[in-house]
Amino acid sequence: MLVESVKCCGCGACADICPVNAIEMKPNEDGFLEPVINGETCKHCGRCDKVCPVMNIDSLKTVDRNVNCYAGYITDEEKLKRSASGGAATAFYESVLARGGCICGVIYNRDFTRARFVCTDDPRYIKGFRSSKYIQAEKALIYSDVKEKLDEGREVLFIGLPCEVAAMKAFLGKDYDNLTLVDLICYGPTSPLVAKMYLRRLKSENGHEIVDFNVRHKRNGAWQPSYLRAKFESGEVYVNEFFNTDYGFAFDMLARDCCYKCSFKGDNKCSDITIGDFWEADKNAEYYNKGGTSAVMVHTHKGARFLAECGENMLLKRAEYDDILRGNPMLTECREKKPGRDNFAVLMKRQGLRAVVDAYRPIAAGEKNLLKRIVKKLLILAGLRREE
Ligand SMILES: Cc1cc2nc3c(=O)[nH]c(=O)nc-3n(C[C@H](O)[C@H](O)[C@H](O)COP(=O)(O)OP(=O)(O)OC[C@H]3O[C@@H](n4cnc5c(N)ncnc54)[C@H](O)[C@@H]3O)c2cc1C
């Protein structure tokens with residue numbers, strides 16, 4: 001038996017653990033991978049239930065929670081520029097590789113329409129891991145791969161979304177001293193179907209293959225706002241503010257069902273360390289860099305030890321949890337389900353991404369204008385603004 005479809009986070013730990021390969025990860029109607037059991041092969045051993053992070057969250061939460069918060073950035077400018085935020089992930093990866101360990105992260109496939117986890121000790125992968133991919137990554141056999149390396153005594157650093165970290169913990173079934181789990185503050189990824197439709201169109205409009213793609217491009221090295229950047233084989237480059245693109249609109253509109261009721265927020269975190277964007281960082285603080293500032297929250301003693309060993313490739317200073325939370329409600333809250341989300345998914349498949357975004361944008365803009373009108377009215381009533 002598996003968790004019901006609307007609660008499933010698509011971690012695939014069940015498929016990885018199944019001793020008779022009776023579970024296959026297949027795209028659901030929104031394009032997110034979901035486990036499907038082959039009833040004829042299944043031996044009803046129940047191992048799939050035991051590794052489900054959603055069903056077992058109570059036993060997975062990080063116990064020695066003592067949140068110490070930091071903020072900062074990687075000191076190498078080029079690495080900072082290619083990272084989504086302040087480059088904490090790269091700094092962590094480098095320190096583990098320097099000790100002979102293995103690192104896990106997410107890379108794109110060749111045409112950027114899919115993303116997948118890799119566990120490696122090859123430093124060349126760090127470049128591919130860098131920056132956020134806003135589609136849900138495929139896990140395949142990442143859990144058993146990590147287990148094998150841990151059992152060999154190798155140090156492993158796993159960085160992933162909170163549900164993926166919880167799934168890793170559930171799959172392993174015990175604590176490993178040589179494993180550090182880092183999760184990202186998470187808004188919830190969108191469907192790989194969005195990437196497929198968007199990139200197919202971009203490529204056909206330009207007429208050339210896409211050779212580089214980033215949804216967290218830092219235009220002129222600046223971290224905010226985020227740009228989508230695609231570089232074509234011809235050398236041409238397309239750059240647009242991320243949320244002005246169809247991809248950005250769909251990212252905001254179409255998350256997995258479970259992300260609207262995420263089981264891994266706030267006190268349900270399962271990681272040693274959480275990292276994210278420090279959106280509300282004090283611009284005068286020593287830890288601030290306009291090229292990207294990471295928020296780093298340490299939950300466990302193991303996480304504190306790991307951070308202490310991270311060396312000098314990152315400038316890190318103490319920060320306040322409440323300051324991080326202010327700009328990052330996703331630390332404790334789930335993303336809100338936008339009106340029309342379910343129809344958006346259906347129409348996108350029927351009419352294509354461009355058509356559905358064209359239809360939805362005015363509605364979303366209308367909502368914004370309505371909100372503006374309400375705020376204006378309230379300001380007038382409060383005597384803070386004059387009637388025009
Ligand atoms: C879907 C998604 C939603 C996010 N939402 C928020 C948010 O609301 N607020 C916030 O502060 N931060 C959010 N983040 C995290 C933020 O975008 C940065 O990834 C984080 O701050 C790390 O940046 P960095 O500069 O340290 O590392 P980078 O060098 O940018 O490294 C990125 C790290 O993220 C991993 N990664 C990239 N894509 C994925 C993916 N699809 N699934 C799992 N792991 C991935 C890489 O393997 C690498 O470890 C989100 C990230 C993702 C992938």
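One-based numbering, in listed order, for ligands and for the atoms of each.
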Using a strict 4.0 Å cut-off to heavy atoms of [X], name the atoms of ligand 1 that fall inside it.
X: G105; value: 47 (O)
X: M330; value: 8 (O)
X: G86; value: 25 (O)
X: A84; value: 18 (C), 25 (O), 28 (P), 30 (O)
X: R130; value: 29 (O)
X: I135; value: 41 (N)
X: Y93; value: 47 (O), 48 (C), 49 (O)
X: F129; value: 31 (O), 32 (C), 46 (C), 47 (O), 48 (C)

- Message: Pair Y93, Y125 - check ring-ring contact (aromatic ring centres under 6.0 Å, His included), show working.
- Response: CA-CA 10 Å; Y93 285 144; Y125 272 91; over 10 Å; no
I want to confirm something. Looking only at heavy atoms, which of [options] is nearest to [atom]?
atom: atom 38 (N) of ligand 1; options: E333, K133, R216, K127; result: K133
atom: atom 25 (O) of ligand 1; options: P162, G292, G87; result: G87
atom: atom 1 (C) of ligand 1; options: C163, S131, P189, G327; result: P189
atom: atom 33 (C) of ligand 1; options: G276, A89, S83, C259; result: A89
atom: atom 18 (C) of ligand 1; options: G188, S132, A88; result: S132

- Message: Taking atom CZ as the centre, does R361 end up with more than 12 heavy-atom neighbours from other residues, nucleotides or ligands that are less than 6.0 angstrom away?
- Response: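 Result for CZ/R361: enclosed.
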- Query: Do other residues, nucleotides or ligands put more than 12 heavy atoms under 6.0 Å from K196 NZ?
  - Reply: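 No, the 6.0 Å shell around NZ holds no more than 12 heavy atoms from other groups.
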May I ask you to check whether [X] has an N/O atom sitting below 3.5 Å from an N/O atom of ligand 1?
X: I159; answer: no
X: I185; answer: yes
X: D277; answer: yes

How does [X] reach ligand 1, by side chain, by backbone, by both or by neither, if only non-hydrogen atoms under 4.0 Å count?
X: N328; value: side chain
X: L184; value: side chain
X: S294; value: side chain
X: E164; value: side chain

- Message: What I want to check is whether the side chains of D252 and Y187 have a donor and an acceptor closer together than 3.5 Å.
- Response: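 Side chains of D252 and Y187: pair found under 3.5 Å.
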- Task: Determine whether the side chains of D16 and S144 contain a donor N or O and an acceptor N or O closer than 3.5 Å.
- Result: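 Present: a donor and an acceptor within the cut-off.
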- Assess K147 against Y143: is NZ or CZ under 6.0 Å from the centre of the six-membered ring, and within 45 degrees of the ring's axis?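 Relative to the ring axis of Y143, which defines the angle, K147 lies outside at least one limit.
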- Query: So, is the end of the R216 side chain (NZ or CZ) under 6.0 Å from the ring centre of F251 and within 45° of the ring's axis?
  - Reply: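 No, R216 does not sit over the ring of F251.
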- Message: Membership question, hydrophobic clusters at under 4.5 Å side-chain separation (ILVMFWY): are V146 and I103 in the same one?
- Response: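 Looking at the clustering, V146 is in a separate group from I103.
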- Show the numbers, then the answer: is there a side-chain hydrogen bond (donor to acceptor under 3.5 Å, both in side chains) between E309 and S95? CA-CA 7 Å; E309 285 170 356; S95 102; over 6 Å; no
- Message: In terms of relative ring orientation, are Y108 and F112 parallel, tilted or perpendicular, with 30° and 60° separating the classes?
- Response: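 Perpendicular.
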Starting from [atom], which protein heavy atom do you reach first, and at what distance in Å?
atom: atom 5 (N) of ligand 1; value: Y187 N, 3.0 Å
atom: atom 21 (O) of ligand 1; value: S85 OG, 2.5 Å
atom: atom 47 (O) of ligand 1; value: V106 N, 2.7 Å

- Message: For D145 and K149: C-alpha separation, side-chain torsions, deciding distance, then whether salt bridge (Lys or Arg N to Asp or Glu O under 4.0 Å) applies.
- Response: CA-CA 7 Å; D145 195 1; K149 294 194 164 95; 2.9 Å; yes
- When the aromatic ring centroids of Y287 and Y70 are compared, is their separation below 6.0 Å?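 No, the ring centres sit 6.0 Å or more apart.
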- Item | Closest contact, heavy atoms only, F213 versus A230 |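 Looking at all heavy atoms of both residues, the shortest contact is CD1-CB, 3.9 Å.
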- What's the verdict on salt bridge (Lys or Arg N to Asp or Glu O under 4.0 Å) for D58 and K61, showing C-alpha distance, side-chain angles and the deciding distance? CA-CA 6 Å; D58 288 337; K61 300 180 207 180; 3.7 Å; yes
